[in-house]
Amino acid sequence: MSYFALVPAAGSGARMGGALPKQYLPLAGGPMISHALSVLASHPRIDKVFVVLAEDDAHWTSYNWLPFAGRLKILRCGGATRAESVRNGLAAMADAVGDDDWIMVHDAARPCLTHTQIDALIAGVAEEDVGGILAMPVADTMKRGIGGAIVETVPRTGMWQAQTPQMFRHGVLSEALVTLSPDITDEASAVEAIGLQPRLIEADSSNLKVTYPFDMQIAEWILQSRAGPA
Ligand code: CTP
Ligand code: MG
């Protein structure tokens with residue numbers, strides 16, 4: 001049984017704004033996507049990293065990917081939604097992987113992932129398990145709002161914020177993603193919808209998703225502080 005990574009990177013970064021898709025924005029010395037790819041491709045348990053790009057992606061080839069030689073496989077099969085990109089990627093990689101192999105799906109927009117977090121996910125998802133995700137217990141009080149006013153305080157007991165990587169066997173994940181609905185916002189929700197219960201592996205807030213411009217500053221700080229003084 002092997003481990004593979006699948007990185008959906010076919011989004012446009014609408015909430016970030018700007019012409020350059022978010023995954024290519026300059027961050028800590030490289031395009032944002034290079035950070036997650038570097039961590040995944042250098043992890044000793046991960047055999048290969050599959051990257052899903054938009055069919056018409058004109059940016060990927062402007063960077064030097066030679067340092068990753070042999071570790072990356074580029075799939076130009078991005079879809080209209082993240083779930084569609086993942087589903088297309090799973091289909092495109094099917095010849096190279098077995099049904100029982102583990103696929104770690106990780107957003108290009110989470111550049112601060114570490115080997116320690118990957119190790120925790122692998123260790124936390126035992127062989128017989130359906131799979132699992134990195135996640136963080138919700139710390140803030142949760143409100144449901146309608147029209148700008150609070151209509152309900154939602155108890156946060158048992159509430160988690162889902163992160164990536166999310167790790168499932170190729171066969172299970174492919175089956176779960178056969179039917180896509182707007183409720184499928186991550187791999188776990190698709191797997192839940194076929195009646196399975198993925199494990200929650202506690203992570204930390206350093207594995208943030210970069211969505212808005214301010215998130216870039218936090219990610220830059222995290223990456224620079226790990227690199228140590230220049
Ligand atoms: N993604 C993808 N295909 C899509 C949409 C998103 O592969 N059709 C990828 C993004 O490139 C990103 C990850 O899924 O790596 C998480 O998505 P998100 O953070 O929402 O990125 P975008 O969809 O690009 O941003 P936005 O929603 O603000 O447009
Ligand atoms: Mg999006």
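When a ligand or atom number is given, it counts from 1 through the structure's own listing order.
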Counting only heavy atoms not in Arg76, do more than 12 sit closer than 6.0 Å to its CZ atom?
yes
Contact region, Ala80 to ligand 1, non-hydrogen atoms below 4.0 Å, reads backbone
Quick look: Lys22 vs ligand 1, heavy-atom contacts under 4.0 Å, and the answer is side chain
Check your understanding: If we only count N/O pairs under 3.5 Å, is Ala108 in contact with ligand 1?
Key -> yes
Of all protein heavy atoms, the one nearest atom 6 (C) of ligand 1 is Gly11 CA, 3.6 Å
Would you say ligand 1 has an N or O under 3.5 Å from any N or O of Val52? no
For atom 9 (C) of ligand 1, the closest protein heavy atom turns out to be Pro8 O, 3.5 Å
Original post:
Can you find a pair of side-chain heavy atoms, one from Val130 and one from Gln197, that are under 4.5 Å apart?
Top reply: no
The option among Ser12, Gly13, Ala83, Gly79 carrying the non-hydrogen atom nearest to atom 8 (N) of ligand 1 is Gly79
shortest atom 27 (O) of ligand 1-to-protein heavy-atom contact is with Arg15 NH2, 3.0 Å
ask   = Should we say atom NZ of Lys73 is surrounded by more than 12 heavy atoms from elsewhere, each under 6.0 Å from it?
value = no
When distances are taken from atom 29 (O) of ligand 1, the protein heavy atom at minimum range is Ala14 N, 2.7 Å
In this structure, atom 3 (N) of ligand 1 is nearest to the protein heavy atom Ser85 OG, 2.7 Å
query = Is the shortest distance from a heavy atom of Gly78 to ligand 1 less than 4.0 Å?
reply = no
